[in-house]
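The first residue in the sequence is number 1, and the count goes up from there.
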Amino acid sequence: MSDTTTRALSLLNLLQTHRHWPGTELAGRLGVTERTVRRDVERLRELGYRIESTPGAAGGYRLEAGSAVPPLLLTDDEAVAMAIGLRVAASNRLLSGAETTVTALAKLEQVLPAPLRRRVNALAETVQPTGIRSGAAVSSEMLGELALATRDHERVRFTYTTASGEIMKRRVEPHALAPAERHWYLLCWDLERDDWRTFRVDRLSDVEHTRVLFMPREVTPEQVDEFIAVARSWSPQAIAGAAVMDLGLDDMRAYFGQWGQGATDAGDGRTNWPVGGSDFREVMYALAWIPEGVPYTVELPDAARTTMREALERMLAALD
């Protein structure tokens, strides 16, 4: 294989790993001049790859969908079959390698021509896997766009509809895309709130790529899991109440971390903390985390209060 061919394949690999590459950075990665990069881009275009170029100091290159499937060593039918398989895997919110599945789907659909995309859409709508509980509908296109932005560390804007129906515009730096309880969640650094926020993907719309890159903040897989767990706890609960504890809001948030979201100042050095769950046991578990020695009162529906009181009386009797 000639040096020219090897370099062109290396260039193609780089173009497939990021949505946009500055020309100077491509030249530096390949160890050639920008003029050579331009020649190699033309060679790839002749092979069927559509590569968009933008002039100027901030210009660069990005790979776009073409009028025919580029030479990926796939037939049309193979490309459609692969895309449908990835669609099914993504829509079923696989717990292992979920974001990798979505990223692979986005990379493949990025180069599919329009007729094949229509075939994929039509077939995917008719494929209904059995034995899997469905969650809120999320388009694979939306997941793909968010996965690419997360992978490329690109800021995005979108419209978000809260559980209460409030509509707001958000500008964020996406860090992780993860499934939980048959929903997809996007963990971001919210630029307006200057803090971490987690959004349900099925409530997102009008995603806009800004092409502004950011330096990712450090976040461990364990922290991502905790953020997602907190976000799930904000879903409508069968039992909803509040604990008012004799602990200042700042101290409460320092103790509870992300689990302190939603807490408000109740005055006189007290904090109102929303609690809830699918049944009274989950409420009891939440209350057990209130720091030792901190007095508190609980507001709960009468039925839940009665059930919890009976359970606690039996526990006390067992301890005695």
Open item on the list: Heavy-atom count check: over 12 atoms from other residues, nucleotides or ligands less than 6.0 Å from Asp250 CG?
Closed with: no
- [ ] Sort out for me which residue in Phe214, Tyr185, Phe199 forms a ring-ring contact (aromatic ring centres under 6.0 Å, His included) with His175.
- [x] Phe214
Task: Min side-chain heavy-atom separation Pro174-Leu146 under 4.5 Å - done: no
Open item on the list: Would you compute the distance between atom CZ of Phe158 and atom CG of Leu204 and round it to the nearest 0.5 angstrom?
Closed with: 5.0 Å
- [ ] With rounding to the nearest 0.5 Å, note down the distance linking CG in Leu213 to NE2 in His153.
- [x] 9.0 Å
Open item on the list: Which heavy atom of Tyr255 sits nearest to which heavy atom of Trp289, and what is that distance?
Closed with: CE2-O, 3.3 Å
- [ ] Could you state whether Val207 and Val212 fall into the same hydrophobic cluster, counting links through intermediate Ile, Leu, Val, Met, Phe, Trp or Tyr residues with side-chain heavy atoms under 4.5 angstrom apart?
- [x] no
Open item on the list: Quick check for you: to the nearest 0.5 Å, what is the distance between Leu26 atom CG and Thr36 atom OG1?
Closed with: 12.0 Å
Open item on the list: Taking Gly241's backbone N and O only, do any of them form a donor-acceptor pair with Glu299's side chain (distance below 3.5 Å, no angle check)?
Closed with: no
Open item on the list: Just verifying a value: how many Å separate Glu25 CD and Glu34 CD, rounded to the nearest 0.5 Å?
Closed with: 11.5 Å
Open item on the list: Once rounded to the nearest 0.5 Å, what's the spacing between atom OG1 of Thr4 and atom CZ of Arg39?
Closed with: 8.5 Å
Task: Lys/Arg N to Asp/Glu carboxylate O, Asp202 vs Arg200, below 4.0 Å - done: yes
Task: pair Leu15-Leu44: side-chain heavy atoms closer than 4.5 Å - done: yes
TODO: Say whether, by atom type as modelled, one donor and one acceptor occur between the side chain of Thr210 and the main chain of Arg155 under 3.5 angstrom.
DONE: yes
TODO: Kindly work out whether a path of hydrophobic side-chain contacts (I/L/V/M/F/W/Y, heavy atoms less than 4.5 Å apart) joins Val283 to Tyr296.
DONE: yes
Open item on the list: What I'd like to find out is whether the side chain of Val156 reaches to under 4.5 Å of the side chain of Val172, using heavy atoms alone.
Closed with: yes
Task: Any Leu14 side-chain heavy atom under 4.5 Å of Leu30 side chain - done: yes
Open item on the list: For the CG atom on Asn13, are there more than 12 heavy atoms of other groups (residues, nucleotides or ligands in this structure) within a distance under 6.0 Å?
Closed with: yes
Open item on the list: Taking Leu287 as the starting point, is it possible to reach Met245 by hopping between hydrophobic residues whose side chains are less than 4.5 Å apart?
Closed with: yes
TODO: Is it possible for you to say whether Val244 and Val294 belong to one hydrophobic cluster, with membership spreading through side-chain heavy-atom contacts below 4.5 Å?
DONE: no
- [ ] Could you tell me whether the side chain of Tyr61 reaches within less than 4.5 Å of the side chain of Leu11, counting heavy atoms only?
- [x] no
Task: Any donor-acceptor pair under 3.5 Å from Thr198 side chain to Leu187 backbone - done: no
Open item on the list: I want to check something: taking the side chain as every heavy atom from C-beta on, are Arg38 and Glu42 in contact at a cut-off of under 4.5 Å?
Closed with: no
TODO: Would you indicate whether the side-chain heavy atoms of Met284 and Met315 approach each other to under 4.5 Å?
DONE: yes
Open item on the list: Show the nearest heavy-atom pair for residues Arg62 and His20, with the distance to one decimal.
Closed with: CB-CA, 4.2 Å
Open item on the list: Testing Lys169, Arg197, Arg170 one by one against Asp190 for a salt bridge (charged side-chain N to carboxylate O under 4.0 Å, His left out), which residue passes?
Closed with: Arg170
- [ ] Please examine the side chains of Pro291 and Leu247, heavy atoms only from C-beta on, and report whether any two atoms are closer than 4.5 Å.
- [x] yes
TODO: Drop me the distance from Ile167's CD1 to Asp206's CG, to the nearest 0.5 angstrom.
DONE: 9.5 Å
Task: is_close_aromatic(Trp273, Phe256), centroid dist under 6.0 Å - done: yes
